[in-house]
There are 2 protein chains.
Amino acid sequence: MDVHARRIPDATVARLPEYLRILVELAGQRIDTVSSERLAELAGVNAAKVRKDLSYLGTYGTRGVGYDVDYLLFQMRQALGVTQDWPVVVVGAGNLGRALANYAGFSDRGFPLAAVVDADEAKVGTAVGDVTVRPMSDLAEVVKAHQPVIGVIATPGAVAQLVADQLVAAGVTAILNFAPALVSVPQNISLRKVDLALELQILSFYQSHRDPGTTTRGWP
Amino acid sequence: MDVHARRIPDATVARLPEYLRILVELAGQRIDTVSSERLAELAGVNAAKVRKDLSYLGTYGTRGVGYDVDYLLFQMRQALGVTQDWPVVVVGAGNLGRALANYAGFSDRGFPLAAVVDADEAKVGTAVGDVTVRPMSDLAEVVKAHQPVIGVIATPGAVAQLVADQLVAAGVTAILNFAPALVSVPQNISLRKVDLALELQILSFYQSHRDPGTTTRGWP
DNA sequence: CAGAGCTTGTGCACAAAGTCACAAGGCCGG
DNA sequence: CCGGCCTTGTGACTTTGTGCACAAGCTCTG
């Protein structure tokens with residue numbers, strides 16, 4: 001396989017996990033071949049886009065036939081780097097942190113929970129699903145034991161930057177931030193942000209601007 | 001300026017809530033004026049982009065001075081349609097659903113919890129934070145009582161489409177889907193998707209591809 | 001009241017992403 | 001084993017988003 005793969009566009013990267021999810025589903029249904037058209041339908045995108053996206057991974061399709069589900073699945077996992085599990089450390093044992101820790105969707109898809117840590121002494125020692133909340137001081141140790149680890153920030157926004165710094169110091173190189181705050185990290189650390197209220201506000205925007213005549217908002 | 005406001009680009013819409021969050025913070029600190037430069041720094045983007053984004057809302061800045069925080073805050077809320085609260089109905093009282101229902105970040109930012117419903121008889125009647133889980137059959141009633149409502153899908157992927165259909169039938173016009181599945185809704189319904197595992201996979205990709213020399217992952 | 005000093009608002013050029021349309025090429029039936 | 005049928009892979013083009021650079025315009029000082 002050509003190792004020097006073209007750089008994959010960000011927009012494509014963001015879609016790959018979706019394709020992966022669909023391929024897993026198809027494989028589970030014992031479907032062994034899929035066309036870009038079908039894949040596009042399942043992913044809710046354009047067929048040409050699917051083909052272009054997949055072509056960044058290499059030439060894995062067969063003209064006139066489609067893509068071999070198992071083979072594509074393998075290549076996709078390879079590309080995404082999810083051939084092995086990535087343990088996750090959740091920082092913050094509040095409502096969100098506990099939910100994320102319990103959320104089966106993580107471990108099911110290759111992201112087992114390594115630990116939950118919290119700065120609040122009162123929370124340390126309490127149970128969260130299968131694990132017990134550990135003190136922040138255990139962070140470095142946990143990270144070392146499971147490297148490579150993904151850090152998940154589930155704290156109030158005010159301490160998000162502090163937590164991020166501690167994660168980086170502990171050796172975490174990928175961080176998913178759920179706190180509503182901007183955090184900055186060194187260049188070589190991967191960082192993504194998910195802000196739940198922000199998503200609702202985006203919905204609110206489109207709802208308020210959708211076809212002013214039919215809005216349910218402000219009924220007489 | 002022109003009342004029939006130009007259509008606001010999607011990329012800009014996605015950034016507005018972030019500006020809103022920052023403006024709220026600034027207002028809380030009794031800061032009454034902010035420059036595009038400062039705002040850009042706080043939002044982690046380019047200053048020119050901030051000015052262009054804000055200019056879509058109208059001409060609210062003062063050259064040589066900057067933007068009046070309170071006034072911009074008001075206009076921003078207006079633009080986003082968050083001048084009033086948007087009640088939220090969470091469907092699914094599993095781990096994720098319960099967490100979202102308890103998550104203070106929603107109600108704090110104008111999205112109070114109207115109800116939690118679940119199809120599982122065993123969960124109906126149990127407490128989730130301040131509310132009690134209600135049966136799916138109450139959905140239409142809840143929606144009618146709080147219109148307009150945002151529906152949040154926090155169920156397994158397998159039933160996401162079914163739930164979406166029920167939400168639409170009950171009169172919900174905006175849906176936030178946390179289930180790992182594609183759901184389709186009529187044109188006039190706003191829909192957004194958040195897939196937590198998907199975010200981790202994106203991180204995994206960038207981690208696997210970041211500067212091969214420094215990867216902690218064991219790549220040959 | 002003029003001029004210096006900022007900061008906005010925007011035209012323009014460029015980059016990224018998305019779409020279309022079609023040639024290339026594998027598969028199968030006759 | 002050849003010709004028709006399919007579906008991929010991709011070049012060309014369109015649309016959307018980004019960033020620079022600078023004129024416009026407000027404020028304050030002398």
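A note on names: the letters A, B, ... follow the listed sequences, proteins ahead of strands, and every chain is numbered from 1.
Under a 3.5 Å cut-off, the side chain of A:D68 and the backbone N or O of A:L72 do not form any donor-acceptor pair.
The CG atom of A:L182 sits 10.0 Å away from atom CD of B:E25, with the distance rounded to the nearest 0.5 Å.
Remark on DNA chain C: of its neighbouring residues A:A48 and A:T62, the 5'-side contact belongs to A:A48, judged by nearest-heavy-atom nucleotide. Between A:P9 and B:R51, the residue anchored nearer the 5' end of DNA chain C, judged by the nucleotide with its closest heavy atom, is B:R51.
A salt bridge between A:E18 and A:R15 is absent, with no side-chain N of the basic residue lying under 4.0 Å from a carboxylate O of the acidic one.
The phosphate of D:dT8 (OP1 or OP2) has a side-chain N or O of A:S36 nearer than 4.0 angstrom. Phosphate proximity of D:dT18 to B:R15: present, with a side-chain N or O under 4.0 Å from OP1 or OP2. The shortest distance between the side-chain N/O atoms of A:Y67 and the OP1/OP2 oxygens of D:dG9 is below 4.0 Å. Note on A:N46: every side-chain N or O is 4.0 Å or more away from OP1 and OP2 of C:dA17. For A:K49 and C:dA17, the shortest distance from a side-chain N or O to OP1 or OP2 is not below 4.0 Å.
In the set D:dT27, D:dA21, C:dC27, D:dT27 carries the atom at the smallest distance from any side-chain atom of B:V65.
The nearest pair of heavy atoms linking B:L191 to B:V183 is CD2-O, 3.3 Å.
Residue A:K52 places no side-chain atom within donor-acceptor reach of the base of D:dT10, judged by atom type and a 3.5 Å distance cut-off alone. At a cut-off of 3.5 angstrom, counting only N and O atoms as typed in the model, there is no donor on one side facing an acceptor on the other between the side-chain of A:R63 and the base of D:dT7.
Residue A:Q75 contributes atom CD, which lies 12 Å from atom P of D:dG9 at whole-angstrom precision. The CG atom of B:L39 sits 15 Å away from the C1' atom of C:dG9 (whole-angstrom rounding). Going from atom OH of B:Y56 over to atom C1' of C:dG9 covers 12 Å, rounded to whole Å. The separation between B:D53 atom CG and D:dG19 atom P is 11 Å, rounded to whole Å. Atom CG of B:L57 is separated from atom C1' of C:dT10 by 15 Å (rounded to the nearest Å). In this entry the distance linking CD of B:E41 with C1' of C:dT7 reads 16 Å, nearest Å. Atom pair A:E37:CD and C:dA21:C1' shows a separation of 14 Å (rounding to whole Å applied).
Inter-residue side-chain proximity for A:V185 and A:I175 is flagged as met; some heavy-atom pair is nearer than 4.5 Å.
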